[in-house]
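To keep things clear, I will list the structure first and then write my remarks on it.
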Amino acid sequence: MTLYISTPIFYVNAQPHLGHAYTAVVADTICRFARLDGDQVFFQTGTDEHGDKIVQAAQAAGVEVGDYVAQISAMFRETWPLLEVAPDNFIRTTDPAHMATVQAILQRVYDNGDIYFSDYSGLYCKGCERFLTEKELTEGGLCPDHLTPPEAVTEQNYFFKMSRYQQWLIDHIQANPDFIQPERYRNEVLSFLSEPLEDLCISRPVSRLSWGIPLPFDQRFVTYVWFDALINYISGIGYPDGPDFGRWWAGAEHLIAKDILKPHAIFWPTMLKAMGLPPYRRLHVHGYWNINETKMSKSIGNVVRPGEMVAEFGADTVRYFLLREMSFGLDSSYSPEAVLARRNSDLANDLGNLFSRSLTMVKNFAAAQVPTPGPLSAEDQELADACLKMLADYRDKMREMAFRQALERVWEVIGRANRYIVTNAPWELAKDPAQAERLRTVLHTLLETLRCLTCALQPIMPGAAAKMAAALPLDPAAGLAAHQAWGVLPPGAPVNLGENLFPRIKKGQ
Ligand code: MSP
């Protein structure tokens, strides 16, 4: 299969925080998982650099806007490697190639008669960079996301005939149950579409905002930032003439949080339809990271910096925490205590101990080599079956974006393997030469278990999994399918003890 996975392109009005990092880590994890499972994958992220709020942020910082966007964009670009997030492309909406594509698309949609000029009055939220409908406001008349009053704005503008594609969109969502997932967001979109859709205002007068892409057919206006930004998903893979465009677009899956559901589920598919392109394959929508019940956000100022978290806990722990703690689609709470608890209990105690105990025993009792096993006992077979069942369930759960459940399956096997060590007490077997074959079988069963765990953890914790793989040693080129068997490690292969994977961290260390 072919997969083209994207994150939203992030606004450059503030530095990256943990909320952005979550989406990037999820995208990177899916990408690594899909590659492990044999897919062709392309992963894109980037920055959204036009619009009112960027200009305001640059002014507040006292920096020329072009310099400002370059600085913050670089911060996003430099944050991702800290988290082992490895995109194939990092797009900026100020890239000349992107700007040219936006203009070509506008001209085409205009020539086809889907863009018209008209008066407009509406309630505009600067934070959202869009007009809000009365229905969307809180009881007190505020923007529900920014808790600020929208501004009443009246001006002449260009409009995209979005309403023309409303019925087509409803039909498409109904015919493709997976188009928007989880289902609660699909239902939200369908409910929104049960009311008549308004056309989309897609321009801003240069007199009010000059930091944008000029409309090719009227230089008195620049392009509305969402019309510009959404196009990144196709300009970044070479639309219209790039040799790989068709291949990647057929596998397009977007990843967003619920804050930007409407632009992605309504504006974007109708824009694509107007351009004569098929819609993306799927939209995956996740919830918010909250701190004390409030969304983590730059406008509220309650943010956690990914770089600081990585410095304290390491990239693997941060990635594990994010994927294990949040049920994809629902909100979750962040606290440093919760990260520390996951680190010390799941990673240091459960996983780290299992590895170090098992490998130490292979070193001491099997000359640091994969031993040749004898016949499997019922208990060995049970552990082997549990490992292979885990890999199969893990695969299904990862494909469903149910990372938390996938990891729960992995940790069930870790718990089982730790109990297996206690009941089989290899250190006792080692004292009795008559038990030599039994000892080899137990150690072999443990090494095979470690192999299956390492395979599953590769997309989640690439750094730690690389150390685990080197210890065993695992064939780095082997995909998931090659691991879904028992007895893969060749007897006689050298096993290295390696370093302690997850030392315990003391509070406030
Ligand atoms: N620039 C637009 C997106 C354009 S895409 C064509 C934008 N940028 S943003 O910087 O505000 O990023 C929003 C995205 O950041 C969310 O959809 C989500 O991916 C991520 N998150 C920001 N805060 C978050 C949380 N508190 N929790 C989870 N994700 C968060 O919107």
Side-chain angles (χ1 to χ4, degrees), residues 5-28 30 44-54 57 69 72-73 75-76 79-80 83 85 90-94 98 101-102 125-130 143 145-146 185 212 223-237 252-269 271-272 280 283-306 321-323 325-335 401:
I5 187 90
S6 66
T7 72
I9 47 169
F10 301 108
Y11 284 130
V12 288
N13 60 342
Q15 298 176 28
H17 64 65
L18 194 66
H20 308 124
Y22 175 72
T23 318
V25 164
V26 168
D28 182 79
I30 297 171
Q44 178 169 288
T45 187
T47 43
D48 188 355
E49 304 189 8
H50 292 123
D52 278 336
K53 36 184 195 190
I54 311 292
V69 297
I72 307 266
S73 178
M75 287 182 183
F76 276 91
T79 294
W80 303 144
L83 284 158
V85 167
F90 186 99
I91 190 167
R92 299 180 57 189
T93 53
T94 50
H98 169 78
T101 304
V102 171
C125 171
K126 278 197 173 158
C128 296
E129 297 266 22
R130 67 179 179 90
C143 161
D145 281 343
H146 296 92
Y185 297 111
T223 312
Y224 168 47
V225 66
W226 270 107
F227 200 94
D228 158 1
L230 288 161
I231 288 174
N232 92 85
Y233 296 130
I234 55 176
S235 67
I237 51 168
E253 304 203 7
H254 302 313
L255 197 58
I256 59 166
K258 60 188 175 180
D259 51 346
I260 50 177
L261 177 60
K262 196 172 158 190
H264 282 81
I266 297 179
F267 304 176
W268 183 222
M271 284 167 63
L272 288 161
Y280 50 81
L283 179 65
H284 303 276
V285 189
H286 65 77
Y288 292 150
W289 281 96
N290 292 329
I291 291 199
N292 303 328
E293 317 287 311
T294 310
K295 181 190 177 197
M296 186 186 295
S297 118
K298 61 205 158 202
S299 38
I300 301 170
N302 57 346
V303 297
V304 176
R305 298 283 171 219
F321 169 80
L322 292 173
L323 295 165
E325 201 76 10
M326 180 175 261
S327 290
F328 192 87
L330 304 178
D331 292 354
S332 239
S333 273
Y334 170 82
S335 74
M401 317 275 289

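Note that ligands are numbered from 1 as they come in the structure, with each ligand's atoms numbered from 1 the same way.
- Checked for salt-bridge contact, Asp145 and Lys295 miss the test: no charged N lies under 4.0 Å from a carboxylate O.
- Protein residues are said to neighbour a ligand when one of their heavy atoms lies under 4.0 Å from it; for ligand 1 these are Pro8, Ile9, Phe10, Tyr11, His17, Gly19, His20, Thr23, Asp48, Trp226, Ala229, Leu230, Asn232, Tyr233, Ala257, Asp259, Ile260, His264, His286, Gly287, Tyr288, Trp289, Lys295, Met296, Lys298.
- With hydrogens and angles ignored, the 3.5 Å screen pairs a side-chain donor or acceptor of His98 with a backbone N or O of Asp228.
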Under 3.5 Å, sequence neighbours excluded: what are the donor-acceptor pairs made by side chains of residues 14-21?
from, atom 1, to, atom 2, distance (Å)
His17, ND1, Gly19, N, 2.9
His20, ND1, His17, N, 3.0

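- Ring geometry for His286 versus Phe328: interplanar angle over 60°, hence perpendicular rather than tilted (30 to 60°).
- The closest side-chain heavy-atom distance from Ser73 to Phe90 is below 4.5 Å.
- Judged by distance alone, with hydrogens and angles left aside, the side-chain atoms of Asn302 form a donor-acceptor pair with the main-chain N or O of Ser297 at under 3.5 Å.
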